[in-house]
Amino acid sequence: MIALPKPGPARQWEIPDHLLTIEEYAALGETDSGFTELVEGRIVMSPSPSRKHNKAAWLLGRQLESQLPAELDFTPDLDVDLGLAPRGKPGFSRRPDLVITYREASARVDDEGDMYRAAEVVVVVEFVSPGSKRTDYQVKHDEYADAGIPHYWIIDMSEPISLVACHQAGEFGYMDAAAVTGTFTTDVPFPVKIDLNALLT
């Protein structure tokens with residue numbers, strides 16, 4: 001019988017002792033445990049999402065795939081530079097559960113090994129976990145609005161599963177629609193119908 005190699009220790013980051021720019025944050029690469037986001041130059045560590053959380057994002061992608069216009073694409077779990085600070089200043093980067101972007105943006109990210117830019121994102125999606133309610137409903141809500149992302153969908157997985165669709169309303173930031181359960185249907189930014197209950201199978 002062949003012995004499997006023992007897993008090595010998680011890679012330790014060497015984090016600079018100052019607030020990070022987007023460029024410095026991107027240069028750090030990936031950590032081996034959980035994931036990180038950058039908030040005003042500070043690294044925020046988050047645990048890896050649960051199996052249920054990850055599967056719901058995957059199932060949403062499956063529903064979207066056949067309904068997206070040809071010019072749009074979706075990507076789960078990838079960093080977005082929110083562009084809320086000038087280059088060279090402490091930056092902001094979030095890692096949404098799923099983003100809908102233009103296909104040319106996805107091609108750029110693939111070619112450059114880079115993160116998405118807020119201006120390339122059409123819809124940003126977050127699945128609410130028990131420990132992320134305030135962050136998803138308030139903090140990220142304001143950050144995504146300030147970054148100019150046109151649409152933000154908040155999917156709350158507590159039963160009954162629901163979706164709040166937020167859209168830009170000029171100087172007021174996002175305007176939030178009422179929470180929808182069952183089937184979410186909209187024509188903006190593209191016609192789509194999502195069976196929310198099917199995200200929990």
Side-chain angles (χ1 to χ4, degrees), residues 7-13 15 20 22 25-26 28-40 42-65 68 73-82 91-101 105-106 109-110 113-118 120-145 147 149 151-166 174 176 179-181 184 192 194-201:
R11 182 172 63 86
Q12 297 295 314
W13 273 4
I15 301 175
L20 301 183
I22 280 289
Y25 175 67
L28 290 175
E30 295 288 334
T31 178
D32 292 334
S33 57
F35 68 93
T36 63
E37 295 178 311
L38 188 68
V39 180
E40 234 170 344
R42 295 176 177 85
I43 290 178
V44 178
M45 300 290 295
S46 297
S48 295
S50 67
R51 182 205 66 82
K52 180 180 177 182
H53 188 118
N54 282 335
K55 186 174 182 183
W58 179 75
L59 290 169
L60 174 61
R62 284 189 62 185
Q63 290 194 44
L64 288 170
E65 196 162 26
L68 286 177
D73 191 16
F74 76 90
T75 304
D77 191 35
L78 200 66
D79 294 313
V80 177
D81 174 3
L82 297 184
F92 290 78
S93 173
R94 290 293 189 177
R95 181 173 287 198
D97 292 311
L98 187 143
V99 291
I100 299 172
T101 64
S106 295
V109 168
D110 289 343
D114 197 8
M115 59 180 73
Y116 283 109
R117 300 167 186 147
E120 298 169 328
V121 178
V122 178
V123 182
V124 61
V125 183
E126 295 285 6
F127 285 84
V128 179
S129 300
S132 71
K133 278 187 179 289
R134 186 178 186 281
T135 299
D136 291 333
Y137 278 109
Q138 297 180 36
V139 179
K140 290 185 178 181
H141 180 280
D142 291 347
E143 288 181 1
Y144 293 153
I149 296 174
H151 299 272
Y152 177 29
W153 295 349
I154 307 170
I155 300 178
D156 196 324
M157 297 177 66
S158 55
E159 294 190 23
I161 185 171
S162 62
L163 188 153
V164 173
C166 316
Y174 282 139
D176 303 350
V180 173
T181 59
F184 170 69
V192 67
I194 298 170
D195 181 352
L196 296 174
N197 294 323
L199 302 181
L200 297 179
T201 58

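Note that the structure is predicted; figures quoted are calculated from it, not measured.
- With 3.5 Å as the limit, one finds a donor-acceptor pair spanning the side chains of D73 and S106.
- No side-chain donor from either of Y174 and D142 sits under 3.5 Å from a side-chain acceptor of the other.
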* Asked: Going through the checks in order, is the side chain to side chain donor-acceptor pair (under 3.5 Å) test met by E126 and Y144?
  -> CA-CA 11 Å; E126 295 285 6; Y144 293 153; 2.7 Å; yes
* Take L199 and I155 through the test side-chain contact (heavy atoms from CB on, under 4.5 Å) and record every step on the way to the result. => CA-CA 10 Å; L199 302 181; I155 300 178; 4.3 Å; yes
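- Atom CG of N54 is separated from atom CG of D77 by 7.0 Å, given to the nearest 0.5 angstrom.
- In this structure, the side chain of Q63 does not engage the main chain of L60 through any donor-acceptor pair within 3.5 Å.
- Listed by chain and residue number, H53, S132 satisfy the side chain to side chain contact (heavy atoms under 4.5 Å, CB included) test with S129 (two or more places apart in sequence, or in another chain).
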* Decide yes or no on side-chain contact (heavy atoms from CB on, under 4.5 Å) for I100 and V121, but give the supporting numbers first. => CA-CA 6 Å; I100 299 172; V121 178; over 6 Å; no
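- The shortest side-chain heavy-atom distance between R117 and E120 falls under the 4.5 Å cut-off.
- A57 approaches L98 most closely through the heavy-atom pair O-CD1, 3.8 Å.
- In this structure, Y152 and V123 have side chains that are not in contact, with every pair of non-hydrogen atoms separated by 4.5 Å or more.
- You'll find the side chain of T36 stays beyond 4.5 Å of the side chain of V44, heavy atoms only.
- Of all heavy-atom pairs between D176 and C166, the closest is OD1-SG, 3.3 Å.
- Shortest non-hydrogen contact noted between M157 and I161 is CA-CG1, 4.1 Å.
- Taking the side chain as every heavy atom from C-beta outward, Y25 and I43 approach each other to under 4.5 Å.
- Shortest non-hydrogen contact noted between D136 and V128 is OD2-CA, 3.4 Å.
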* Asked: What's the verdict on side-chain contact (heavy atoms from CB on, under 4.5 Å) for D195 and F184, showing C-alpha distance, side-chain angles and the deciding distance?
  -> CA-CA 7 Å; D195 181 352; F184 170 69; over 6 Å; no
* **Intermediate values then yes/no, salt bridge (Lys or Arg N to Asp or Glu O under 4.0 Å), R94 and D81** => CA-CA 7 Å; R94 290 293 189 177; D81 174 3; over 6 Å; no
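- Proximity of L68 to F74: side-chain heavy atoms (C-beta onward) are separated by under 4.5 Å at one or more points.
- The distance from the CG atom of L78 to the OG1 atom of T101 is 9.5 Å, given to the nearest 0.5 Å.
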* Could you go through the side-chain contact (heavy atoms from CB on, under 4.5 Å) check for V80 and V99 one step at a time? => CA-CA 9 Å; V80 177; V99 291; 4.0 Å; yes
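- Contact annotation: the side chain of I22 approaches that of S93 to within less than 4.5 Å [non-hydrogen atoms, C-beta and beyond].
- In terms of heavy atoms, D97 sits closest to F127 at OD2-N, 2.6 Å.
- Put simply, the side chain of F92 reaches to within 4.5 Å of the side chain of V39, judged on heavy atoms.
- The line from CD of E143 to OG1 of T135 is 9.0 Å long, rounded to the nearest 0.5 Å.
- K55 is not listed as a side-chain neighbour of L200, based on a closest heavy-atom distance of 4.5 Å or more.
- One finds no salt bridge joining E37 and R95 here, because no Lys/Arg side-chain nitrogen approaches an Asp/Glu carboxylate oxygen to under 4.0 Å.
- The shortest heavy-atom contact between S162 and T181 is CB-CG2, 3.9 Å.
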